[in-house]
Student: 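Shown below is the structure under consideration.
To find a chain, count down the sequence lines: A is the first, B the second, and so on, and within it residues start at 1. All figures in this text were calculated on a predicted structure; none of them were measured in a lab.
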There are 2 protein chains.
Amino acid sequence: MARTTIKDIARIAGVSVTTVSRALNDAPEIRPETRERILRICREQGFRINYLARSLVSSRTHVLGVVLPDLSGPFHAALSLHLERYARERGYQILLCCGRPGDDRIDDLFAFLVSQRVDGILLVSASSAAQELLPSRAQGIPSVLLGDVPPEASCRRINAVSTDNYVGGATAAAYLHRLGHRQVLYLGPRRDSVTHALRLQGFLDTAAAWQMEAQVVYNDLGAASSAANGYRLARQMLAGDFPQTAVFAPSDAMALGVLQAADELGVSVPGRLSLLGYDDIEYAALPKIRLSTLAQPTGALARSAVQLLLELVEEDAPPSYTLKLITPRLVERSSCRSLLPAGR
Amino acid sequence: MARTTIKDIARIAGVSVTTVSRALNDAPEIRPETRERILRICREQGFRINYLARSLVSSRTHVLGVVLPDLSGPFHAALSLHLERYARERGYQILLCCGRPGDDRIDDLFAFLVSQRVDGILLVSASSAAQELLPSRAQGIPSVLLGDVPPEASCRRINAVSTDNYVGGATAAAYLHRLGHRQVLYLGPRRDSVTHALRLQGFLDTAAAWQMEAQVVYNDLGAASSAANGYRLARQMLAGDFPQTAVFAPSDAMALGVLQAADELGVSVPGRLSLLGYDDIEYAALPKIRLSTLAQPTGALARSAVQLLLELVEEDAPPSYTLKLITPRLVERSSCRSLLPAGR
DNA sequence: CCTTTTTCTGCAAACGTTTCCGGCTCCTAT
DNA sequence: ATAGGAGCCGGAAACGTTTGCAGAAAAAGG
């Protein structure tokens with residue numbers, strides 16, 4: 001119950017609490033031999049310093065709050081893994097909070113993080129509503145957006161790192177055009193997601209430039225871009241006749257759902273329908289799947305985000321706002337078929 | 001920088017800090033109208049109570065430490081999602097720590113959790129080494145094991161909830177036997193995992209009872225039972241001739257790796273080789289995969305685990321030790337083929 | 001109207017650290 | 001010899017809460 005404290009150690013070592021504190025923080029004004037002696041006693045007693053008390057006075061918790069929509073998707077899972085690693089390398093701990101975007105809970109989450117006195121906040125794939133909320137609720141806590149950045153970001157005094165969603169969408173359209181597709185379907189972007197809005201914009205702009213016919217079906221089913229939603233959407237789109245020869249999905253998870261629906265409805269992929277995903281999750285590479293997709297480099301994203309956030313936390317430099325865009329990479333597997341004559 | 005404190009609120013409201021504190025904790029000895037007035041002022045000022053200070057004096061953080069090997073596997077991801085939900089329902093926060101099992105870091109993790117003064121510890125899928133370490137390092141913090149329980153658990157004064165791995169392994173063997181398989185391969189259990197040891201035991205006992213020939217190939221590749229490891233293991237096992245007609249993998253992720261290897265090597269599943277997984281992750285249900293597997297009910301596991309842990313944390317009942325086993329469920333899809341004549 | 005109880009509020013001591021400042025000892029340079 | 005400094009250590013205030021205890025005001029009982 002009553003754990004051993006610095007005071008106990010001080011008593012045993014016959015020194016003051018100040019000295020013990022200095023030993024623990026290896027301050028310069030302590031004689032090496034006393035330090036060693038104290039540290040030895042700490043080990044013997046199994047002493048563990050109380051972060052609560054320490055943080056209370058130093059007003060630094062070395063904790064970074066990460067709020068993301070959910071962990072079920074492989075993209076976010078991979079991302080959080082990398083975030084944790086880079087944070088740890090820099091001596092910080094991650095506090096993971098899951099709040100569905102647009103949810104009321106997002107407000108409680110910010111309150112919670114403030115109460116926890118986190119040193120910084122990382123807002124991942126947030127709805128625009130959540131993004132609006134952030135500045136007013138963060139109470140001066142440094143924060144950076146990750147993976148979901150409004151186009152006017154740099155004007156809005158915001159720090160962010162993201163993949164270049166516009167380019168991602170554009171690349172997708174260009175790729176499908178290059179394969180000879182002229183009628184394409186964009187299946188499943190969310191209306192409230194800035195990421196999806198940009199991706200859609202890039203896709204549509206490029207499609208228009210190449211004079212492709214593009215239809216878009218929004219995902220209003222709530223929840224994330226899960227396989228289940230992709231399945232439901234595809235079920236109803238692919239049921240009858242449809243003119244498109246290719247579909248672009250805003251996440252691999254969703255694409256997998258589309259794949260399932262197509263399979264059940266007997267439309268062959270990529271025979272009748274080419275399928276292009278986004279994210280490059282682990283399972284996209286599976287032999288029976290082999291989903292072509294646009295890879296988001298989660299490692300690079302996480303690294304940049306942590307790096308940027310910690311700059312804000314640790315430096316007391318004059319405020320500056322940076323927006324870092326990382327370009328997605330097209331990975332070709334076999335879910336997209338070329339419609340052009342083989343000879344080219 | 002300087003955030004608003006209880007003292008500020010007290011000054012504005014013209015009351016003492018004590019009264020403000022009582023308003024925030026809705027203590028019974030406060031007049032409802034003063035409480036309302038104070039709460040209103042708190043809202044107006046955007047006041048957020050400092051959990052650090054509160055926890056320091058109350059010696060309750062309402063934080064549960066969860067340590068698990070990693071988050072990349074879908075099973076652990078799903079589990080942590082449920083853990084977070086149930087904990088939140090009870091007013092607790094999850095502090096997620098990833099440490100590969102058997103790693104030196106596990107020791108640091110315990111120290112970290114003690115320093116954070118978490119109210120309880122949930123040790124998920126831990127190596128036996130980590131389990132040994134726990135009691136000595138937990139410093140009296142209540143803790144429960146989840147998903148990886150040594151057979152002598154109840155003797156060892158330990159709280160745990162787990163799927164019944166022995167039964168799981170036994171069910172797998174019995175199922176394969178029922179389909180007519182006589183030569184089977186158990187591909188990829190880890191030597192240092194209690195889970196895998198039990199599952200293996202159940203598998204081997206049952207195989208022996210039915211006079212099947214069972215070979216086991218351990219996973220000494222380090223890291224988790226990932227798809228990558230399954231792939232590597234299967235690559236070398238399936239390269240030449242092999243007598244087995246079925247393989248049992250200790251996780252779906254691993255099974256997916258096996259699937260990939262089989263595909264590349266041209267051995268048909270389930271034509272030449274039946275494949276049985278474990279976990280029932282989301283992607284096992286995919287149309288082109290349709291992996292037969294033993295489902296671990298992550299929801300039930302998580303619920304029981306936080307339930308048990310919070311009993312220990314909140315009650316000051318006499319110490320008791322409970323071990324809860326949840327039976328895995330066989331879900332048949334189409335990765336296992338019957339070798340028996342169709343009539344039957 | 002005076003006591004007794006009840007209801008509400010405030011004072012001050014904790015909780016376990018860090019850190020400013022001041023003091024002691026011993027060394028070095030004048 | 002003595003001043004000045006460097007190196008090491010301790011006292012005490014602070015961080016923002018909770019809580020036991022006591023006091024004041026109001027209500028209840030005679």
Student: Mind checking B/S55 for me? I need base, sugar-phosphate or nothing, with any heavy atom below 4.0 Å counting as a touch.
Tutor: nothing
Student: Is there a donor-acceptor pair closer than 3.5 Å between any side-chain N or O of B/S115 and the backbone N or O of A/I49?
Tutor: yes
Student: Determine: side-chain N/O of B/S16 to OP1/OP2 of C/dC11, distance under 4.0 Å, yes or no.
Tutor: no
Student: Does some side-chain heavy atom of B/L24 sit less than 4.5 Å from a side-chain heavy atom of B/I6?
Tutor: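 Yes, close enough: below the 4.5 Å cut-off.
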Student: Considering only distance and modelled atom types, tabulate donor-acceptor pairs under 3.5 Å from the side chains of residues 298-308 of chain B, sequence neighbours left out.
Tutor:
residue	atom	partner	partner atom	Å
B/T298	OG1	B/H82	ND1	3.4
B/S304	OG	B/A300	O	3.0

Student: Output yes when B/E44 and B/R40 qualify as a salt bridge under the 4.0 Å nitrogen-oxygen rule, no when they do not.
Tutor: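 Looking at B/R40 together with B/E44, the answer is yes, because their closest N to O distance falls below 4.0 Å.
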Student: Base, sugar-phosphate or nothing for A/S59? Non-hydrogen atoms, less than 4.0 Å.
Tutor: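 It contacts nothing in the nucleic acid.
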Student: So if I apply the side chain to side chain contact (heavy atoms under 4.5 Å, CB included) rule between A/L312 and each of A/D119, A/I141, A/V144, which one comes out positive?
Tutor: A/V144
Student: Between the protein and nucleotides 16-26 of chain C, list every N/O to N/O distance that falls short of 3.5 Å.
Tutor:
residue	atom	partner	partner atom	Å
C/dT17	OP1	A/N50	N	3.3
C/dT17	OP2	A/I6	N	2.8
C/dT18	OP1	A/N25	ND2	3.2
C/dT18	OP1	A/R54	NE	3.3
C/dT18	OP2	A/S21	OG	2.4
C/dT19	O4	A/T18	OG1	3.3

Student: Is there a side-chain contact between B/S162 and B/L146 (heavy atoms, below 4.5 Å)?
Tutor: no
Student: Heavy atoms only, 4.0 Å cut-off, all strands: where does A/L52 land among base, sugar-phosphate and nothing?
Tutor: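 Answer is nothing: A/L52 stays at 4.0 Å or more from every strand.
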Student: Any donor and acceptor pair, going by atom type alone, linking the side chain of B/S55 with main-chain N or O of B/L52 inside 3.5 Å?
Tutor: no
Student: Can you check the B/R31 CZ to D/dA26 P distance for me, whole Å?
Tutor: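 Computing the B/R31:CZ to D/dA26:P distance gives 9 Å.
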Student: What I'd like to find out is whether the side chain of B/Y51 reaches to under 4.5 Å of the side chain of B/T61, using heavy atoms alone.
Tutor: no
Student: Tell me: CZ of B/R60 to C1' of D/dT19, nearest whole Å?
Tutor: 16 Å
Student: For the helix from C/dC1-D/dG30 to C/dT30-D/dA1, how many degrees between its two end axes (five pairs per end), to the nearest 10°?
Tutor: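 Helix axis angle between the two ends: 50°.
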